[in-house]
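Working notes for the structure below.
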Amino acid sequence: MAKIEKLRNIGIAAHIDAGKTTVTERFLFITGKTHKVGEVHDGQAHMDHMVQEQERGITITAAATSFDWKKHQIQLIDTPGHVDFTIEVERSLRVLDGAVVVFCAVGGVQPQSETVWGQADKFSVPRLAFVNKMDRVGADYEKVQEAMRERLGANPVPIQIPMGAEDNFKGVIDIIAMKAYLFTGDLNEAPEPTEVPADFVEEAKMARESLLEALSDVSDEIAEKYLDGQEIEIATIKEAVRSACIAGQIVPTLSGSALRNKGIRPLLDAVIAYLPSPADLPPVAGHRPGKEEKLTRSPKDNEPTAALAFKVALDDGRKIVFLRVFSGTVTAGMELYNPRTKKKEKVARLFQMHANKRKRIEKAGAGSIVAASGLKHASTGDTMCDAKDQIVLEAIETYEPVISAAIEAKNNAAKEKLDGVLAKMVDEDPTFKVREDQETGQTLISGMGELHLEIIVDRLKREFGVEAKIGTPQVVFRETISQTASVESTFERELAEGRLFAVVGCKLEPKPRDSGVEEICEVAVDKYTMPQEVVDAAQMGLRDAIQTGPEGYPMQDLKIVLTKIEIAEDAQPEVSARAAAADACRKAIAAAAAHRLEPIMDVEVVVPEEHLGGVIGDINQRHGQIQEMTDRGPKKVIMAAVPLRNMFGYSTKLRSLSEGRGTFSMQFKSYDKL
């Protein structure tokens, strides 16, 4: 294990098809981790190890690996770009210290780039930007930076400029050292730094001037020297870039063409030079289990152990848990405590991962990303810590599924196997849900999109040998209320085990869209007259009632106020309070004019201008609302909000409308009224 200062935990993230996996494959090849370049388009990428990934040429699951470069150890996670697998990006960024965000020099900032950027903002992850595909027709380095400022609110600062673009892209200029790197095109040959060619000297000088101006805004030392007209040492500039990058004030920007291996070595150098080691970041924050008390853990091996389980995977049917060790050490055979389950679990074996291959290790120190077997009850977002000094780290937020379909086994013998495998897959993927429809008895699976469910069914067959039939995908609706309602309910029953009697009052108020459910208690807690357990039971009853609204869908965007509880002395208090509260809440929902909400998607369509009219007409027919239209090179970009139920089969329709030249991507925007 490298010293912590020499360690970099990074992720590669981007919109689908911007070249993330290709960048990763080049990193592996150049650093000697692999001896053959894996190509995504040939289905030979080492990091896309699933059959489904190789067939489709996309990344589905975040794959981890590690390699060495210039006496540093880089632990890397290659993340998916497709919106259906956005949880993979979310949970990876939660445990990484830095990221390389790849942008296509032609496509610029695309919808999923915005999602990824927002996720990185959420976790304050320092990042580098790599503008890829500079040799493609329509490549424009400046335009991508402009789009980053406009659409991401980012502050891209080039530390390198390209020499030419499209067919004329022949190298890059490091404007900090004022050296040029010319690319021969030979994959194995490292470009030697040379003097900046005469026809690029002026452009390079102007770019360096802009860099120093940008750094003057964030570094007093640079500002002083720059204003005095002093010569600024290269080491001082690099230190200022590093500090500003780690603080999130700038995004150092580089360019290249990963497929042709151009600009990859300078990118690796930039990862080491500007992205943080675990020691450069503040200690990880958490709290004492069951208490408000705030705690922190420093990235040191001698601190109490604290690790976050950020991913669960099935390997040959066996469960392995990916851990980011934030403090202390984890060793094979040690016991870790899980505050969620309140149980200790033993780490059977520890592994260093390289995509789907693994190498056994005995110990992992602070800053490590490893996989462990033996943690049977751990799931995504669980803290695994020292039982003597417990801590709960911030969990990983998950996403609610927007699409569901009925699934059934081919015969009764396969039914039991199907249920078992689906349970394992739920454990592995927090955005995948399985439930039984009480009315029809059907098993329903829910996920983030058509592709998500398609991959699940494909995996059932190939990995687990379960033949299953899937119905037509259905949209997952929600319900909410449109007015305020207050209700009191009396619940009374005589049962063999005792009497039930309670009067509970509750008030419901509508809340703005996507604001969730707010719970308020106006009942005074008193251990003699109204114990906390009874109030908790009543609140549980309210939660029970909003699980399904009048049409059978979960309720959202409302405030529930518990206004009153009365219990008879001879009644069972907790059971009575829960039943009366659920009844009161259901009556309040009926009185508050509940209505259905449906998922609305942000859709981006890119088409040649001659097909624009037909595509817009089709979006209008799907009850879509056009938000804006822009140009991207010679093509038109349409941004629209469209109900998900009207987007099924859209890829086929778009192909026919645009003679196969149109592309689209969509992501969940919000729930709104039907």
More than 12 heavy atoms of other residues, nucleotides or ligands under 6.0 Å from [atom1] of [X]: is that the case?
X      : atom1 : result
Lys461 : NZ    : no
Gln483 : CD    : yes
Arg513 : CZ    : yes
Gln625 : CD    : no

Flag, side chain of [X] to backbone of [Y], donor-acceptor distance under 3.5 Å:
X      : Y      : result
Thr79  : Ile12  : yes
Thr480 : Gln556 : yes
Glu479 : Glu551 : yes
Arg596 : Tyr553 : no
Thr563 : Gly505 : yes
Ser482 : Ala593 : yes
Arg127 : Val125 : yes
Lys133 : Gly107 : no
Thr383 : Leu393 : yes

Would [X] and [Y] pass as an ion pair if we require N to O under 4.0 Å?
X      : Y      : value
Lys424 : Glu463 : no
Glu522 : Lys507 : no
Glu88  : Lys311 : yes
Lys564 : Glu566 : yes

**OP:** Classify the angle between the aromatic ring planes of Tyr650 and Phe664 as parallel (below 30°), tilted (30 to 60°) or perpendicular (above 60°).
**Re:** perpendicular
**OP:** Determine, stepwise, if the pair Ser113 / Arg151 fulfils side-chain hydrogen bond (donor to acceptor under 3.5 Å, both in side chains).
**Re:** CA-CA 10 Å; Ser113 337; Arg151 292 180 68 170; over 6 Å; no
